[in-house]
Amino acid sequence: MEKWDVVVVGAGPGGSYAAKTAAELGLKTVFLERGKYPGEKNSSGAGLGTRWWRDFPEIMGELPKLPSYRRIDMIVIKVVDEENRLRLVQGTTGSDRDGSRWSGSLDKGMAGASIYRADLDPLIADLAVAAGAELREATLATGVIMEGGVVRGVVTEKGERLAAEVVIAADGAMSTMARSAGVRNRWGGGCTLVPQVDFACDEEKLDAVVGNAEWCWFGPFNGAYQVNFRESFHLGAGKWLRPDWDTRPQDMLKRVMEIPAFRKFCKVVEARPREYQAHLLPWLKKPPKTFAGGMMLVGDAGGFPCPLDGEGIWHACMSGRIAAETAAWAISRGDVSERALAEYERRWKASPLGLEHSFGSEFVEIWDHSIFDPELMKRLIQLILEMSEIHPFSVLFDWSDDHVSCLNQHIEHLFDLLPEFSQFGKRYIKPLNAAISPRVVRRALLQAKVRMPALRLLPDEAYLKALSLLNKRLGERLKGTAGR
Ligand SMILES: Cc1cc2nc3c(=O)[nH]c(=O)nc-3n(C[C@H](O)[C@H](O)[C@H](O)COP(=O)(O)OP(=O)(O)OC[C@H]3O[C@@H](n4cnc5c(N)ncnc54)[C@H](O)[C@@H]3O)c2cc1C
């Protein structure tokens, strides 16, 4: 039987990055890909955000050379009302980057890239091979070899048996490896199905219309993203696979394709639908168990995609890197037991990956109660339209690291705006105080209480101080009006 330090199953972004890191750390590493080559399926378009420059500059630096590359400086949100009319086009903050590298000082903005997986996956796999890992293409791993409850290697479809000190399962959402080792079975209601159409179009016309932007379509439907590449784009939507699923996946996209503004866009850029796909994407509040004796799960196999916006490629590469580093640490100590590999979970939880998931429930709930609820969206659109006139902020589509920090930056920004508003308020709004009814004041107080758990998201002392002051003022006001 062949013997390896590390066998990685899957040469998607997570597997290849794990193989690259393991090889760089001097481990004898092989990675297996069932496709003819990495990225063969071109399963998702990849929008890569700002933090890629910080964490994976060696990949970002190479992207502009690839055929499908489009630089991304902003996200444009298009809000459509019940009559299918385009009501709002909202661009988020532009790039803070100088266009060639991560500035290191500013973590805001949209300095990213769109790239086909058919371009990205081979690039990362090549880096792993250059680092010394062996890639075996057209090799399907069918199960793990277990000894005394510990994973000791994998078996392939061809009947090969590869022994490993550590197996890194990077075999995507379905993860045969995780199931074969008994780490988990199904995802329950935490997995989404993502239908997507790939369109070819005219490059110059796409340049003229979208420039360096990704688009999102929001309305009384499931929400849709539009990832724009050099001379093509993807339109995709998604929904959790729960018992109340009542839609044919393609219907989610049809709804968006009927929007007159989208049809007009397609006409202008000469769009031609090329391929329809529907893939699984785990979209969980937090990853379930990610390790077993002799094995670690990375990327989609581990349930790592971002709980706020479902992006998962950065998460795959990060978890791949941490898993390989943990493998090197465990092998050097001669202990790859389940107890030892619990170190993997400790490490990813302490990293930006862990921060991303520390508010997973809150993030998933936001999504569940907005974009994925078409009925609620009918009412929310009105609110969004009104809010956009006050402050065009976007928490969801700032790809900075991490979303909780972004949320705090946005709220701080709101506080920066407050002095301006207070001038206006003192002069024009204050005189109206007398008109506020006790019922409204009571309701405001109640709502402040209802929202108390959300304070966990906002550890900033200034905010807490402001909120307690607001409560005090409202309380005084309530007392003042109670006797009337
Ligand atoms: C439609 C869609 C759009 C998306 N858009 C974005 C986006 O814009 N930005 C973003 O960051 N994320 C996006 N995601 C999420 C992202 O695609 C995933 O989170 C990411 O691909 C996870 O990487 P991975 O390496 O863990 O798994 P995968 O990319 O699924 O790679 C798994 C690899 O393992 C191989 N494999 C599987 N089983 C075996 C086996 N038994 N033996 C050998 N090989 C095997 C597969 O062929 C594949 O190459 C999108 C997802 C979908 C479905």
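Numbering of ligands and ligand atoms starts at 1, following listing order.
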Self-check item: Proximity of F233 and F265 rings by center, below 6.0 Å
Solution: yes
Any side-chain donor paired with an acceptor under 3.5 Å for [X] and [Y]?
X: Y225; Y: Q196; value: yes
X: Y116; Y: S232; value: yes
X: E2; Y: W4; value: yes
X: S114; Y: N228; value: no

Between [Y] and [X], does any NZ, NE, NH1 or NH2 come within less than 4.0 Å of an OD or OE carboxylate oxygen?
X: R51; Y: D55; answer: no
X: E258; Y: R255; answer: no
X: R70; Y: D207; answer: yes

With respect to [X], determine whether any N or O atom, backbone or side chain, lies less than 3.5 Å from an N or O atom of ligand 1.
X: E311; result: no
X: V194; result: no
X: A173; result: no

Applying a heavy-atom cut-off of 4.0 Å, say which part of [X] lies close to ligand 1: side chain, backbone, both or neither.
X: A316; value: side chain
X: F304; value: neither
X: R34; value: both

Quiz prompt | Neighbour count above 12 (heavy atom, 6.0 Å) for M174 CE | solution = no
Quiz prompt | Enclosure of K267 NZ (heavy-atom neighbours >12, cutoff 6.0 Å) | solution = no
Relative to the heavy atoms of [X], which atoms of ligand 1 are at a distance of less than 4.0 Å?
X: G172; answer: 27 (O), 30 (O), 32 (C)
X: V9; answer: 40 (C), 42 (N), 43 (C)
X: P13; answer: 23 (O), 25 (O), 29 (O)
X: A170; answer: 32 (C), 33 (C), 34 (O)
X: G14; answer: 25 (O)
X: L32; answer: 43 (C), 44 (N)
X: G299; answer: 26 (O)
X: Y225; answer: 1 (C), 2 (C), 3 (C)

Heavy atom to [atom], shortest distance: which of [options] holds it?
atom: atom 1 (C) of ligand 1; options: E157, Q196, H279; value: Q196
atom: atom 15 (C) of ligand 1; options: D198, T156, L281, L140; value: L281
atom: atom 31 (O) of ligand 1; options: G12, A278, A301, G302; value: G12
atom: atom 39 (C) of ligand 1; options: T139, V227, D171, L120; value: D171
atom: atom 20 (C) of ligand 1; options: D300, V154, L193; value: D300
atom: atom 49 (O) of ligand 1; options: H234, M174, E33, H315; value: E33

Quiz item: Checking ring-ring contact (aromatic ring centres under 6.0 Å, His included) against H234, which of F199, W215, F229 comes through?
Solution: F229
Quiz item: Applying the ring-ring contact (aromatic ring centres under 6.0 Å, His included) test to W283, which of F363, W240, W187 qualifies?
Solution: W240
Within less than 4.0 angstrom of ligand 1, does [X] place any heavy atom?
X: P38; result: no
X: R117; result: yes
X: G236; result: no

Quiz item: Cation-pi between R347 and W329: NZ/CZ under 6.0 Å from ring centre and within 45° of the ring axis?
Solution: yes
Quiz item: Distance under 6.0 Å and angle within 45° of the ring axis: does K289 meet both against F291?
Solution: yes
